[in-house]
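Only one structure is covered here, and it is reproduced in the block below.
In what follows, chains carry the letters A, B, and so on, assigned in the order in which the sequence lines appear, proteins first and then strands, with residues in each chain numbered from 1. No hydrogens, no waters, no symmetry mates; every other heavy atom, side chains included, goes into these values.
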There are 2 protein chains.
Amino acid sequence: MSRENLNTRSRILKAALDLLEASQGKGVRMTDIAKRAGITRQALYLHFSTRGELLIEVTYYLDEIKGSEERLLPSRTAQTGIERLDAYIDAWGTYIPEIYGVAKALLAMRDTDEAAAQAWDDRMQDMREGCQAAISALNRDKMLSSDHSPDQATDILWTMLSVRNWEQLTIGCNWSQEKYIATLKSLARCIFVVDAT
Amino acid sequence: MSRENLNTRSRILKAALDLLEASQGKGVRMTDIAKRAGITRQALYLHFSTRGELLIEVTYYLDEIKGSEERLLPSRTAQTGIERLDAYIDAWGTYIPEIYGVAKALLAMRDTDEAAAQAWDDRMQDMREGCQAAISALNRDKMLSSDHSPDQATDILWTMLSVRNWEQLTIGCNWSQEKYIATLKSLARCIFVVDAT
DNA sequence: CTTTTGCTTGACACTGTGTCAATTGACATT
DNA sequence: AATGTCAATTGACACAGTGTCAAGCAAAAG
């Protein structure tokens, strides 16, 4: 419980994070994490009860490191709905590649580990709130296309911005990160913003 | 090699398919498949060398059963680009829920099994060709929005129509199949079709 | 100088995949 | 009726990875 304990815990989290980032989430075993943290595999279980729990804790550690909170500030301070939508796509779209390794590992556990599934869904629910806020701002400005209700628009934006879609476009279709961001902004405008011709 | 052999093989494929469909691809073990096919687990390996290979063969079996070829005919015989785009979204969008169980299982293996990854990617490449054909038809009719090159439009349509997106919208957001199809058609029109006001 | 704490060591259970050798039972050949 | 072939069975085992447990050790804390 003392300082030493916390240090080891952090070392484990850092080790796990490093490995997950390096390998894009694939094939990171408890043994690997322990080795990198400089302890035995068994000792991992003195700090985290399962691999799933460790992975979940890594996501919180990651948020801490990368400052996920502050990133969304510009989107919250944006004036118009359109600015807010753009800012949100910028913020989230830039965040994805930084969390991709951990996200991939968690997504892979989603099907087998109930707790991991819950943890991932929680995070995605948070992300969804960002989408909803952007859509609401657009709606408030009377700039939301009449083709979609706010709820439906949120569903669509949320899906557009999924990690899987980022993966498919950047890794699968070889889009640059810049192209990804620019195109998603353009798509969002085309889909959600009422045409002011 | 005789009739009996083929029958067992088919029985295995059917057993696997039934289980994958019933469980949406989750937690189907070799033992389960064998039991349902009425043979021993070890006997599975007399017909398929690995679980991955079995899964891949199930996809071909599935195509056979569901007639994936014929489904795309209406899209190929469509006159205008817009009709073709609509027909393709209809055909593919209707196909997804039927293959979802198998797709999910194959997707889950993608990260660990090289052959499974290749098999899945091949199928998605085929699907991509359908997207490309639709976009080309649109382009031929001078109806493709100038916002996107044909290649980029293909990337976007391909991503929009991914199994993961279908999953997120129908299962995750509780959209009905009809809403899914209708909304994707509407989105595709909004994104790809030049505005003829 | 004893207790507590954090970790190590080595062993083991469990699940699921994949392999192997020996055997059985049915069917076909001659 | 004897022989061979072939699919499948039986039972055993290897391997990877997760998770557990008991005993011990070394350094810090009291």
Nearest whole Å is fine: how far is dG25(C) P from Ile39(B) CD1? 19 Å

Would you kindly say whether Arg123(B) and Thr59(B) are connected by a side-chain donor-acceptor distance under 3.5 Å? yes

What I want to check is whether the side chains of Asp63(A) and Tyr95(A) have a donor and an acceptor closer together than 3.5 Å. yes

Contact class for Leu46(B) (heavy atom, under 4.0 Å): base, sugar-phosphate, or nothing? base

Separation of atom CD1 in Ile33(B) from atom C1' in dT17(C), rounded to whole Å: 12 Å

Electrostatic pair Arg29(B)-Asp32(B), nearest N-O below 4.0 angstrom: yes

Has Thr40(B) got a side-chain N or O lying under 4.0 Å from the OP1 or OP2 atom of dA8(D)? no

Does dA8(D) have OP1 or OP2 under 4.0 Å away from a side-chain N or O of Thr8(B)? yes

May I ask you to say whether Arg110(A) pairs ionically with Glu167(B), meaning some side-chain N is under 4.0 Å from a carboxylate O? no

Identify, with sequence neighbours excluded, every residue that meets salt bridge (Lys or Arg N to Asp or Glu O under 4.0 Å) alongside Asp111(A). Lys104(B)

So, Lys14(A) and Asp18(A), do they make that salt bridge, N to O below 4.0 Å? yes

With 3.5 Å as the limit, what N/O pairs link the protein to nucleotides 12-19 of chain D?
{"from": "dG17(D)", "atom 1": "OP2", "to": "Arg29(A)", "atom 2": "NH1", "distance (Å)": "2.7"}
{"from": "dT18(D)", "atom 1": "OP2", "to": "Met30(A)", "atom 2": "N", "distance (Å)": "3.3"}
{"from": "dG19(D)", "atom 1": "OP2", "to": "Tyr45(A)", "atom 2": "OH", "distance (Å)": "3.2"}
{"from": "dG19(D)", "atom 1": "OP2", "to": "Arg51(A)", "atom 2": "N", "distance (Å)": "2.8"}
{"from": "dG19(D)", "atom 1": "N7", "to": "Arg41(A)", "atom 2": "NH1", "distance (Å)": "2.8"}
{"from": "dG19(D)", "atom 1": "O6", "to": "Arg41(A)", "atom 2": "NH2", "distance (Å)": "2.8"}

Using only heavy-atom distances, determine whether the side chains of Asn165(B) and Tyr180(B) contain a donor-acceptor pair under 3.5 Å. no

Whether Trp166(B) and Tyr100(B) hold their rings parallel, tilted or perpendicular, with breakpoints at 30° and 60°: tilted

Rounded to the nearest angstrom, tell me the gap between atom CG in Leu44(B) and atom P in dG16(C). 15 Å

Under 3.5 Å, is there a donor-acceptor pair between the Gln118(A) and Asp122(A) side chains? yes

In residues 15-26 of chain A, which residues come under 4.0 Å of DNA chain C by heavy atom? none

Give a yes/no answer on whether the side chain of His47(A) brings an N or O atom under 4.0 Å of OP1 or OP2 in dC7(C). yes

Between P of dT17(C) and CG of Asp32(B), the distance in whole Å: 8 Å

Between C1' of dT5(C) and CZ of Arg9(A), the distance in whole Å: 17 Å

